[in-house]
Structures are given as structure tokens and as C-alpha cells.
Amino acid sequence: MAAFTERMALLLMLWLVVSLSGTWAVDRANFKTCDQSSFCKRQRAMKPGESPYRALLETMELTNTRLTLQLINDNNKVRLLLELYRLQGNITRVKINELKPLKPRYEVPDVLIREPPTEPLSLLSQDENGVVLSLGAESQRVILSARPFRLDIMEGRNVLMSLNSRGLLAFEHLRMRKDTFSYKVTSTVASVWDNIKSVFSSQADPEAEKKEEAEPANQAETAEDAGKEEDGMWEEMFKSHSDSKPNGPSAVSLDFSLPGVEHVYGIPEHADSLRLKTTDNGDPYRLYNLDVFQYELYNPMALYGSVPVMLAHSAQRTTGIFWLNAAETWVDISSNTAGKTVFGKMLDYVQGSSETPQTDVRWISESGIVDVFIMLGPTPKDVFSQYASLTGTQAFPPIAAIAYHQCRWNYNDQEDVQAVDAGFDEHDIPYDFIWLDIEHTDGKRYFTWEPHKFATPKEMLQNLLDKKRKMVAIVDPHIKIDSNYKIHNEIRSLGFYIKNKDGGDYEGWCWPGSAGYPDFTRADMRAWWASMFAYDQYEGSMENLYTWNDMNEPSVFNGPEVTMHKDAVHGAWEHRDVHNLYGLYVHMATAEGLIQRSGGVERPFVLTRAFFAGSQRYGAVWTGDNSAEWDHLKISIPMCLSLGVVGISFCGADVGGFFKSPSPELLVRWYQTGAYQPFFRAHAHLDTPRREPWLFGPENMALIRDAVRQRYTLLPYWYQQFYHAYKTGQPVMRPLWVEYPQDPVTFGLDDEFLIGRDLLVHPVTEEGSRGVTAYLPGKDEVWFDVHTFQKHNGAQNLYIPVTMSSIPVFQRGGSIISRKLRVRRSSTCMEHDPYTLYVALSPQRTAEGELYIDDGHTFNYEKKEFIHRRLSFSNNILSSINLSPESQFSTLSWIERIVILGASKPKQVTLKTAGAEDTQLEYDFDASMSVLTLRKPGMNAGIDWTVTLE
Ligand SMILES: *[C@@H]1O[C@H](CO)[C@@H](O)[C@H](O)[C@H]1NC(C)=O
């Protein structure tokens, strides 16, 4: 075994050297295609056709809240149990499991925030063909047809979504292995494996196999139904890795048809366009958390995280599908309008030959059950609320976490940290967090410090604290196997490591060398992990030290696809069942640790690379190890938008690109883009030249400083958006179609986005750009350039000439945005600073906005210790009213200026506040731009006031 690991170490080093110095592209051969994943291949071989499943109506039981009935597969007579629920808020839940599985099948725990509340189901009609159930709202019904089994969800006369309409429901029931002998894989060489197979396998005769290839198998004829055993059902090889599959085949799959839908979104994480593509001519989109070295763009390969949620959008309606399954999952998308040009569609229409557009999707998972939540909208915002009611909303971050983060692999020692910190002051660039990557530890033992380079961590942290700044240190979930390491010893003695298939502790190769992986699926393990963040456990930690969880897919350098063997064991379950949940659990336990160390007072900040549905509750995610290339800058937009629409608002990409070295131009453009994305962190690979902003000459430094400062001035707006996301589940960074759901121009935009409702950002992401064309939506809207205050009409493509200093950003007419213009060292230093309100008038001369203020770092907002005000302008009166009269909080901040865009010149301006004399305000009016600036109104930001223009 020792020899084996040493050889692995050598191979690994060789691999790292080759990869780092060689070609800059993912090694695709390290990752499976659908064809190389036996369940995907088996399921995908089924073509649409008559489903063998029949609903046994005589088994139907309908209680007030639940319908159950049995489905039978007419080919193999295996019965399934269907459960159907109507949940609060226009959600239908459909569960399908085996009626009598050989052993329980995995049902995903800990992702739903509670057992979702149900609403009464009622039977509208029933005959021998099926049943019709009422879903309450607006004549919504479910039609359950018996032969073959299918479900149609209708509203009025329109079908919103159909399940199993293409007959692709498949459920590989658990079974005993037919061949009772068991053979041991004695070698990991694939050719030997092939020999073994050809001698011993119970494979059907090769003639039949050929025939099957010739005519694509119809569902009714699949090998599984016929009781045949195919390749990969009981064991499977990938490269040198074998997967023992003690439970045999266990995949589930189901199809959904979406009439009227041409646009689907979501199912992150993929480095692809926002609008998902059809997969007919390639692999399905894959959801399997993987550490993909140098990922390729515009491709459906799996990446670090998975959220099995898809949104379907048309001008009429938005719906969503949440497929609650944590196993490896593939999603196929096809469309009857794919490939048709707009002209072709118009021609169809003119000739009357146009068929209704339709998108068909099909989900395939390796194990578990079918547990699907159908969110019926009808608007994008309804779908966001519906999804949030199931999995929760974005954790409300401390305000510092939405400021700027300075990271690299690595800041070498305490002197380095101090020098970088001083560099920011010297160049007058604000930052809130400096980050330490794996090299800060004592030999990749997390929760420790390299004894020479970080000899006095508390002194280092105190120096930062004195400047109101913070630090993040990395804590990864692979634990060095070393009997002198306390963390390892405790995990081993508590029996908390994941086990291998033979019952020993699972060992894999990662940064520290040989490592164990704690079983974060166990609540007792997570509680122990959380306790390790206590100040008296985590030596050298202080209140301004926060955490970064990397490599939590989990990454296993010598594992199949650089991750854990699927037959590793988590108690009663295989890693196969829980894989996509592992990263969420690491994030959950770490966030809990940071909360507990403060006695439940302070908000945590934890960044994770791997994630799943529900990860939004624990902190931020980033898009992993990207590259210093223009295309990687561009893709940061659709990647974060795709996360935002499935609940994960706190998203960012490494500014500058992780691998390679950005040109100064690319770096500047990346700062300008990142300054307007939710999580704003610069990061760089160990082997890249240093990248602190002042290393690129005074001009570039000034451009970067300006971008970072724009971020700081806008923190009040960002913070209010995050509060809103936490309260409602609406994304912070959102695609334009969320706000303009009926405007088809917005459906495919990848190069611009909104922050909240009111700010539109079209960053410059092209090299050598002299101008960008931004689409300004809304035929009744006007948009104000935030830099020049120039007004533009909506529903137009606007060409904007740009220079290196340009960041095209527009404020919607009809909105009020608050900023703090006195930028200081860090967000904390700006806490009590005054606000400037930007009131952008709509064509009707109205505007609305909100102002949210609290202490910025504790959970006291849950006890109503905050200020939440509505700002509105109408009839020439601007007012601030209390949205939360029962709240208790006061602020030292006041309103130092009000800028009204699209205004006319008043004769006088009067400020009224409760209990004070009315005052006349001084103002400037810029007639050429119609900008009215009220100087020093001076009222406290937390009180009621009105300003009247006469
Ligand atoms: C439910 O759907 C109906 C009809 O489409 C809609 O009017 C209503 O607002 C929806 N309710 C929620 C909570 O989404």
C-alpha cells in the first residue's frame, strides 16, 4: 500500500508539472462522457415511445393532502409508488419510489428547510382512463392518465407541463445479482478487466447486442426489462478505477415537456451561456461536483457545484423544475424549434405551418428516488419565492463580505500580509479582507499556522483589526493522515471518516498527501467540526478571521474523475447517493462553527467551491479555477446569473483569472466587471507573477482604484439588495428577463445584467473595445447613465463609446439609489458616513427606493434592530417613511446630498422633519442635464422627512 501511494505521489507530481506547464485546456479524458457512465448510457439509449408504466387506479388513495397510487411496469411487473402533493404557493410535488424496494433508497435530507406545507387536493373527476385533480389556484388541474401513465398540469385549457409524456420514466429497481459468484478485480488494468469480463460475464450473446445497436432500443425492449445484465450494471471501470456497485443498477429518469417554451435556464454549474442549449448533438448537461482542472468554456461538462433546478420561461409564463436528487445527474434538453432561425419561424407563422414551440427535458440520476417539485410561477419572481419556500434564501452576509477581497495563492508570511495591507493604504485603495490560501498552514494541516512564516497570527490579525479589516484563511475538508495532528487523531478516534468499500477509513491523495475525508453527512461530525472553530480550539484565530472551504467536491487527486470513489461508505449510504451534497454539508458545518464561536451573535462569512440546492443558506460561492482570458471574463456573467436564478445570489469569479497572467487591460476590465458582481475577490495561482493593483503602472492602478471605489460608494445599495434577497429569495444579480419577462430581446442576453431592479450593467469584456452596445429594456422606461446623468429611452440598443475608464452602468428612471461617497480604508470605516440619494425620475416624474441600515455584522436584525425605509418621489415631494415601525435601531448617518435626475428647476425646496422648523434647502440646477442637486439637507437617515419642490 505504501509503495502504491508513493507511486501515486510521483504520478501526481508528474501530472501537476505536465498540466501546469503544458497545454492550457482541461484534460477531457479525466472526466466521463455520458457513454462512459453506464447508467447514463443505458437510460439515454431509451428513445421516446409508449411508456411501459400503467397507473393502477384501483390502488389510488386520496387524503386531504396527498394522493398515492401504484404504477406498474408492464414489462417486468415491478410496482412503483407515486405520491402527489399540492404544496403552498403553486407548487406540485411528485415522488416516485419503488413500492417494495429490496432496501431503502436514498431520499435527500437537510436541503428542504422544512417539510413543505401542503394544501388540500380535491378530486374533480375520475373514470377508467384516469383522474383529474384540482390544484386550487386559477383552474389549475393535474390530469393523471392511466395507460400509459402520464401527468399533465393544466391551467384553464393550457398544458403547462407534462410528465412522462414521452414515455421516458425509468426506474431501475433494486435486485439481487443473477450471477451468484463474485469475482475480485485483481488488477486495475482495463485490458485485464476486459479479459475477465469476456470469460465470466453473464452478458447476453454478442449478436443480440449488435442488433440492439442497430435499432435503437424502444423502452418496451430494454435490456433491463428483459432481465438482461448489461455492462456496468454491477461493476464499472473508468480509466484505472473500478466502481464495485454492490447495489447494482439503481438509476431513475423522467421526462418533462414544456409546451410554449423555447428558453430554459439554470442547472448550474456549467461554463456555458445563460440560456441552456439543446443537447441532441452532444452530451447532456452533467451535474456531478468535480474539481475540473482548467475548465473549458461553452460546454455541458460538470463543474464544482450542482443545483438541480431548471427554469422554463416564455413571454407568457415562467415555471421551474426542482429535481431533488444528490447523485450524479444528467439533463437532456431538446426543442422543436432548435436550429430554426427567427426568419424560419416567421415563415412558418406566415405559412400557417408553425407548430407550438416546445422544449422537452429529461433528468437521469444514478440512484435515489424521483422527488420533483414543479413550481408553476406564473412570474419569474413567483418561481423564486416558490423555490425559496423550499430551500431557503441567501444568507444575509456581513456588509464587509460584499466589499472588496484581496486574495492570492499565497501571501507568503506575515510580513507579506503587512506589506500588501500597507500597499492598499499607500495607493488609497479600499479593501476589507485579505486571504490566505493553503500555504499558511503547517504542512496543509488545516486549523494550524506555518510556524515560521505565521508565527504570531494573532498579532497579524490584531494589526488588521486595528485598521477595521479582516482575514480569510482556508480550511479544506481533506485531513492529513498524521498521528501528530490533533484534528486527524480526533476524527479517527471518533470514527468520523468516510469509509472505503471494505470498511476501513477512506484514504485519498490531496494537498497534504494521504488524507482522510470526514463524513460531513453525519450531524454529530458536523457538530464536532463546528466546535473546532471555537477561539480556544482554533489556535491563533480571532473574531476577524473567517473561512474558505475549497476542494469540497470532494477533490481526491488519485480518485476517479479527481473525486471520491462512488462505493465509499457514509453509514447506510454509498458516496454515490450523497456525492453532490458533500460540499453543502462542509459549508453548513463551517458556517455553523463561525456562528457558534461568537455565541450566536455574529454573522459568518464562508466561501465554498462545491455547492448544492440550499447552499445559499451558508454563504458565498465562486466559479472556481478560471483563467486570465477574455472569454473567462465574459463567462463570469452567465455563470453568476445561472446561480442567481436558482437561489445562490452571492456569486463571483476570480478577478484577473486564477491561471495564467492577465494583460493590464484584461485585469482592469476584470476589476471593472467584478466591482459590479456580488462577490468581488481578486485571486491568482501560486505560479503567476504578483498582481497587486499597484504593480501595473500608475494609470492602470488609478483605473483599478476607481473601479474598487465605485463598489464602495454603492455598498448601501448592494447591502439593501442582499437584505431583500435574504427576505424574499429574489436574486441580487439578475438577468434582464426577470424584470422584463415579456421582452424576447432579453431572453438570450449574456453580456449585461441587472443588480436588483434598478441598476443595469454592461461591462466591457472585449479586448481593445472602443464601444459597447447595451440593450436598455422597457418601452416605457428611461435609463440614466450613472456617470454622466445622460438620459436614454428604453427598448433600444444603445451604442456607448468607451475608454479604459468606462464601466457602462445605468440607473432606471423611477428608482432611488443610496450611496456613500466618502470612500475610506474599509467598509467598516464608512459605517457612520452620510448618504447621498440618487433620485432618477420616471417619465411620470415619480421614483421609489428603499434604504436599509443595521449594525452590519450581527444577527440583531432578526430582533428588528434595523432601519428600513421607503423613499419615494411623487407630486414633487420626496419622502422617507418607515417600512418597519416596530424596529429599534438608530444611526449616526445623515443625508448629505440629494441628486434628482430628470428634474426641472424649482423656485424653492423645503425640508420638513418631525419636531423641527421647516428649512429651505440650497440647491444647484444643471439645466443642460436636468439635474437638481440639493446640498446638505442634513437630516438623520433614520427619521421621517419630506422634501418639497415648489
Ligand atoms: C398561483 O398561480 C396563480 C395563477 O397563475 C397566480 O394568480 C397566483 O399569484 C400564484 N400564487 C403564488 C403564491 O405564486
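Each residue takes its place number in the sequence, starting with 1. In listed order, ligands and their atoms are each counted from 1.
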Looking at F753 versus Y676, is the centre-to-centre ring distance below 6.0 Å?
-> no
Checklist entry - Below 6.0 angstrom between ring centroids: does that apply to Y265 and F747? => result no
If we number the atoms of ligand 1 from 1 as shown, the ones under 4.0 Å from a heavy atom of E155 are 4 (C), 5 (O)
Near Q386 (heavy-atom distance under 4.0 Å), the atoms of ligand 1 are 14 (O)
Note to self: Before we go on, tell me: are the rings of Y852 and Y723 under 6.0 Å apart, centre to centre?
What the structure shows: yes
A student checking ligand 1 against R317 at a 4.0 Å heavy-atom cut-off should list atoms 5 (O)
### Message
Less than 4.0 Å is my threshold; does some heavy atom of S385 fall inside it relative to ligand 1?
### Response
no
* Is the closest heavy-atom distance from Q140 to ligand 1 below 4.0 Å? -> yes
Within 4.0 Å of some non-hydrogen atom of G377, the atoms of ligand 1 are 14 (O)
- prompt: Centroid-to-centroid, F373 to F322, below 6.0 Å?
  reply: yes
The atoms of ligand 1 lying under 4.0 Å from a heavy atom of D382, numbered in the order shown, are 14 (O)
- Between T59 and L69, is there a donor-acceptor pair closer than 3.5 Å when you use the side chain of the first and the backbone of the second? no
The residue among E119, E83, E115 that forms salt bridge (charged side-chain N to carboxylate O under 4.0 Å, His left out) with R93 is E115
